[in-house]
Amino acid sequence: AQSVTQLGSHVSVSEGALVLLRCNYSSSVPPYLFWYVQYPNQGLQLLLKYTTGATLVKGINGFEAEFKKSETSFHLTKPSAHMSDAAEYFCAVTPERLATGRRALTFGSGTRLQVQP
Amino acid sequence: GAVVSQHPSWVICKSGTSVKIECRSLDFQATTMFWYRQFPKQSLMLMATSNEGSKATYEQGVEKDKFLINHASLTLSTLTVTSAHPEDSSFYICSASVASSYNEQFFGPGTRLTVL
């Protein structure tokens, strides 16, 4: 079984400031980790994912995240916030592919990012 | 590539009626599709996993007779909310899984259902 904890349901930053959205996971098997962004009344858009290999992954719109196994974390960062980054962000986990079938994603509760001018 | 569409994008219906929501993978074949429900200001909760040509697997607490899922082809899955009630009002999102090794899913834009 897996679970995802996103610390902070709301994060507010100033335009140009560092964005840090926290995500911790638990998984009994090696996980695949994802960050999604959701704008109002829209579906989810993939920002980035960690599967294997390099633990620092870069995504779209200048976001990146680092997989830290020892800390069971996958925090999302962006050096400089833009007004257009205001949205809801979800961290998600799924077990590494098993021999049979596909596995659904387990989502965190989400973090709403506000960007102040 | 990997585009998923949903239709309709929003629907308003009267209590007691049934509503069908379609989820299509436009440029790839999806052996597995997932249906999620999202209440306002909450996260996505998995309702069911749908594999082409077989019965859907429902999550605990989701009534399979109320939320009928059909996955008749590799590009189409439908969710029918039967005898809808106001508490069924929600944002329904589907996703489709690509046959890769990363369990990556591509999400549709969602369907907002309002039951009066």
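Chain letters run A, B, ... following the sequence lines, proteins first and then strands; every chain starts at 1. Note that the coordinates shown come from a computational prediction; the quantities given were computed from them, not determined experimentally.
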Using a 6.0 Å cut-off, check whether atom CZ of Arg22(A) has over 12 heavy atoms from anything other than its own residue. no
Pair Tyr36(A) and Phe107(B), ring centroids less than 6.0 Å apart: yes
Highest number of heavy-atom pairs under 4.5 Å with chain B among Ser9(A), Ser109(A), Ala92(A) belongs to Ser109(A)
Interface moiety of Leu46(A) toward chain B, non-hydrogen atoms closer than 4.5 Å: side chain
Select one option (side chain, backbone, both, neither) describing which atoms of Phe90(A) are under 4.5 Å from chain B's heavy atoms. side chain
Contact list for residues 105-117 of chain A, test salt bridge (Lys or Arg N to Asp or Glu O under 4.0 Å), sequence neighbours left out: Glu88(A)-Arg112(A)
With a 4.5 Å limit on heavy-atom distance, are the side chains of Phe34(A) and Leu48(A) in contact? no
Residues in salt bridge (charged side-chain N to carboxylate O under 4.0 Å, His left out) contact with Arg24(B), at least two apart in sequence or another chain: Glu22(B)
Partners meeting salt bridge (charged side-chain N to carboxylate O under 4.0 Å, His left out) with Glu64(A) (sequence neighbours left out): Lys58(A)
Can you list the residues of residues 66-96 of chain B that sit under 4.5 Å from chain A, counting heavy atoms only? Phe91(B), Ile93(B)
Over-ring placement of Lys78(A) relative to Phe63(A), 6.0 Å and 45° cut-offs: yes
Heavy-atom contact with chain A under 4.5 Å, split by part of Gln6(B): neither
When you check the side-chain N and O atoms of Glu52(B) and Gln29(B), is any donor under 3.5 Å from an acceptor? no
